[in-house]
Amino acid sequence: MAGAGMHPYHQQWAAAAAAPPPPAMQPPGAPPAPPPAAAAVHPVPHHSPILAPEEVRTIFITGLPDDVKERELQNMLRWLPGYEASQVNYKGEKPMGFALFSSPPLAIAAKDNLQGLVFDVDMNSVLHTEMAKKNLFVKRGIVVESGGYDQSKRMRTGGDYTHPAYVSPSPFHPPPAPVWGPHGYMAPPPPPYDPYTGYPVAPVPPVPMVAPPPVPTPSSYLPVQNIKDNPPCNTLFIGNLGENINEDELRGLFSVQLGFKQMKVLRQERHTVCFIEFEDVNAATNVHHTLQGAVIPSSGSVGMRIQYSKNPFGKRKDGIYSAVAPGANGNPTTMTFQ
DNA sequence: AGCACA
């Protein structure tokens, strides 16, 4: 079986979620949704200067048995390159499946591959696939129809085919000769399917997998005694961070604060402290207030103390001011003024 | 209470 390829990482939703919510999906044969003025459905994509029509990368699947489970469909589809999400719509007479792929070519490849597949021998169900009219709308990992009724029909899905070179050892074996339905779509017949090499798909530039960095928010706040603060400045001094404070967590917390410029951690004998520079005193003051006493996981059960720094960034004790200015060659040059 | 770096 598929060892390494089995667990989808659910990475591809962001792009889909960024798409504007389309109207509720229609099966390819269905009449178009309420015609908004003259801008009805054009057979040829018409180039609106305002909104380019979205490329369809969703396939429409019929021929599913009445008792098909979304899970069944998903477990079949997840092996197909570029698979992102799927949904079964039970609203009509027969269940209608929709499957979103990462690109139109991958959707077409999947459509051709699934065409004529015997989904259930006993129930004599043979799949029929077409390109959908609209893309399946995926929002934050949850498949939704933008028409938005009946949340109970939603499901979580996902695929992990960002690697075009990866060939899945598919557990299913489509019939050698696809059965063509009565519809008019005439694509060149797919090459013979080899379960050990998969079907050919157009190469897609690999999408770098970027693990989203954890963005810590304070898990709680504890009262801190903050007597003897310094005069307001653009730099905060953070103390009372606990024994084993994690620098990345700290950075995650502070780097998202408005006006954040830089952070410097100072590990000392017993105490770790850190300095945060902000754009201006205002930004520093906000954080001074909002995060006072904040507790993050690695700080244990203590709330951090936030004070203004004695020696703000860019200001030296000896009164020498420094600034970074572009030099004659365009490179930053540190200039000091007395 | 622990305040560096330019």
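Residue numbering restarts at 1 for every chain, and letters A, B, ... go by the order of the sequence lines. FYI, side chains are in, hydrogens and waters are out, and symmetry mates aren't considered; it's all heavy atoms of this structure. All values reported here derive from a predicted model rather than from experimental measurement.
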Rounded to the nearest angstrom, tell me the gap between atom [atom1] in [X] and atom [atom2] in [N].
{"X": "A/L266", "N": "B/dA4", "atom1": "CG", "atom2": "P", "value": "7 Å"}
{"X": "A/I276", "N": "B/dG2", "atom1": "CD1", "atom2": "P", "value": "19 Å"}
{"X": "A/N230", "N": "B/dG2", "atom1": "CG", "atom2": "C1'", "value": "13 Å"}
{"X": "A/N311", "N": "B/dC5", "atom1": "CG", "atom2": "P", "value": "11 Å"}
{"X": "A/Q268", "N": "B/dA4", "atom1": "CD", "atom2": "P", "value": "8 Å"}
{"X": "A/R267", "N": "B/dA4", "atom1": "CZ", "atom2": "P", "value": "16 Å"}
{"X": "A/Q307", "N": "B/dA4", "atom1": "CD", "atom2": "C1'", "value": "15 Å"}
{"X": "A/K264", "N": "B/dC3", "atom1": "NZ", "atom2": "P", "value": "14 Å"}

- Does anything in residues 234-244 of chain A reach DNA chain B, meaning a heavy atom under 4.0 Å, and if so which residues?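 Output list: A/T235, A/F237, A/G239, A/N240.
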
For [X], which residues count as a side chain to side chain contact (heavy atoms under 4.5 Å, CB included) partner, sequence neighbours excluded?
{"X": "A/E243", "value": "A/R270"}
{"X": "A/N282", "value": "A/D280"}
{"X": "A/V281", "value": "A/P232, A/T285"}

- Per-pair stack call A/F275 and B/dA4, 5.5 Å, 30°: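 So A/F275 counts as stacking on the base.
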
- Kindly state each residue pair satisfying ring-ring contact (aromatic ring centres under 6.0 Å, His included) with at least one member in residues 288-314 of chain A, sequence neighbours excluded.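 ring-ring contact (aromatic ring centres under 6.0 Å, His included) check on residues 288-314 of chain A returns A/H288-A/Y308.
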
- Task: Just call it for A/E269: base, sugar-phosphate, or nothing, with non-hydrogen atoms closer than 4.0 Å on any strand.
- Result: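 No contact.
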
- Message: The criterion is ring pair (Phe, Tyr, Trp, His ring centres under 6.0 Å); which residues satisfy it with A/F275, sequence neighbours excluded?
- Response: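 A/F275 satisfies ring pair (Phe, Tyr, Trp, His ring centres under 6.0 Å) with A/F237 once adjacent residues are dropped.
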
- Item | Closest approach of A/A283 to A/F278 (non-hydrogen atoms, all atoms of both residues) |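 Answer, listing the atom of A/A283 first, then A/F278: CB-CB, 3.8 Å.
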
